[in-house]
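Taking it in order: structure first as structure tokens, then the write-up.
Quick note: residue numbers are just sequence positions, from 1. The structure presented is a predicted model; accordingly, all values stated were derived computationally and were not measured.
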Amino acid sequence: MNIDFAAIADAATVDGGGKLNILGIFDRIRVREFPARHRRLALVLRLAAGPEDQGEFAADIRLIDPDGGQVLRLDGTIRVGEAPKGAVNPETRIPHVLNLDGVTFPKAGVYNFEIRLDEELLQVMPLTVEPMPAPSGQSRTTGPEGVPIFFAPDGPAQA
């Protein structure tokens with residue numbers, strides 16, 4: 001089994017047909033002060049399992065801080081059943097959305113989501129958490145999360 005898609009987003013859902021709906025994929029958060037509490041983020045995964053992957057797997061997801069300390073850990077189980085008889089493609093896609101509310105980031109740096117199945121590290125997803133740039137003496141137009149806007153067709157855009 002492997003992970004064929006992984007993202008950090010503002011929100012995500014899986015509809016009745018197994019389709020992922022994702023809003024606001026990101027890999028960077030800018031904050032005004034530390035410790036910083038992020039209201040909500042969605043960890044979005046899609047696993048690819050073949051016929052050889054039938055069975056039960058221990059899953060764990062860890063958020064590791066810039067110094068290697070563990071910020072959070074989620075443990076669970078993934079069960080993969082047999083593909084339907086006569087399936088054109090016996091590989092199964094398993095979408096999963098984990099909504100994480102109120103995650104606190106103690107300091108600036110690169111945090112890593114580590115995803116493991118049966119203790120095997122399958123994916124590392126970095127998330128940079130950094131202070132917002134201090135306002136400079138010159139006038140600048142910025143977009144979401146303080147990102148400067150350098151070009152707008154009809155003049156500076158308003159964020």
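Taking both residues in full, the closest heavy atoms of Pro131 and Ala108 are given as CD-CB, 3.9 Å, listed atom of the first, atom of the second, then distance. When all heavy atoms are compared, the tightest approach of Phe105 to Phe34 is O-CD2, 3.6 Å. Residue Ala48 comes nearest to Asp53 through the heavy atom pair O-OD2, 4.3 Å, listed as atom of the first residue, atom of the second, then distance.
A single hydrophobic cluster is not seen to contain both Met1 and Val97; linkage of ILVMFWY side chains at heavy-atom distances under 4.5 Å, directly or through other members, places them apart. Both Ile115 and Ile94 are part of a single hydrophobic cluster, where members link through side-chain heavy atoms under 4.5 Å apart. With hydrophobic clusters built from ILVMFWY side chains whose heavy atoms lie under 4.5 angstrom apart, Leu74 shares a cluster with Met125. Following chains of ILVMFWY side-chain contacts shorter than 4.5 Å, one can reach Leu127 starting from Leu72, so the two form part of one hydrophobic cluster. Residue Leu98 is grouped with residue Leu122 when hydrophobic side chains (ILVMFWY) are merged at heavy-atom distances under 4.5 angstrom, including chains of intermediate members.
A search for side chain to side chain contact (heavy atoms under 4.5 Å, CB included) contacts involving Pro51 returns Pro90, not counting sequence neighbours. For Arg79, the salt bridge (Lys or Arg N to Asp or Glu O under 4.0 Å) partners two or more places apart in sequence, or in a different chain, are Glu56.
The CG atom of Leu41 sits 5.0 Å away from the CG atom of Leu100 when rounded to the nearest 0.5 Å. Here the CG-CD distance, from Asn112 to Gln123, works out to 11.0 Å after rounding to the nearest 0.5 Å. Of the inter-residue distances, the one linking Arg116 atom CZ with Glu114 atom CD reads 4.5 Å to the nearest 0.5 angstrom. The distance from the CG atom of Leu117 to the CD1 atom of Ile78 is 5.0 Å, given to the nearest 0.5 Å. In this structure, CZ on Arg28 lies 4.5 Å from CD on Glu130, to the nearest 0.5 angstrom.
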Mind running side chain to side chain contact (heavy atoms under 4.5 Å, CB included) on Ile61 and Leu45 for me, showing each step along the way? CA-CA 11 Å; Ile61 297 171; Leu45 305 171; 4.0 Å; yes
Verdict with supporting geometry, Val71 and Phe113, side chain to side chain contact (heavy atoms under 4.5 Å, CB included): CA-CA 10 Å; Val71 175; Phe113 281 101; over 6 Å; no
Trace of the side chain to side chain contact (heavy atoms under 4.5 Å, CB included) decision for Phe57 with Thr77: CA-CA 6 Å; Phe57 298 86; Thr77 302; over 6 Å; no
Would you check, one step at a time, whether the test side chain to side chain contact (heavy atoms under 4.5 Å, CB included) holds for Ile3 with Phe5? CA-CA 6 Å; Ile3 296 173; Phe5 180 82; 5.7 Å; no
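Note: Phe26 and His38 have tilted aromatic rings, judged against thresholds of 30 and 60 degrees for the angle between ring planes.
In summary, Asp101 and Arg39 do not engage in a salt bridge, as defined by a charged side-chain N under 4.0 Å from a carboxylate O.
Asp65 places no side-chain N or O within donor-acceptor distance of the main-chain N or O of Tyr111, the cut-off being under 3.5 Å.
Using a 4.5 Å cut-off on side-chain heavy atoms (C-beta onward), Thr104 and Pro35 make contact. In this structure, the side chains of Leu43 and Ile8 come closer than 4.5 Å at one or more pairs of heavy atoms. Contact check for Arg40 versus Asn99: side-chain heavy atoms found under the 4.5 Å cut-off.
Annotation: Gln70, atom CD; neighbour count of heavy atoms from other residues, nucleotides and ligands within 6.0 Å is above 12.
If you run side chain to side chain contact (heavy atoms under 4.5 Å, CB included) between Pro95 and each of Asp15, Leu20, Leu47, only Leu20 comes through.
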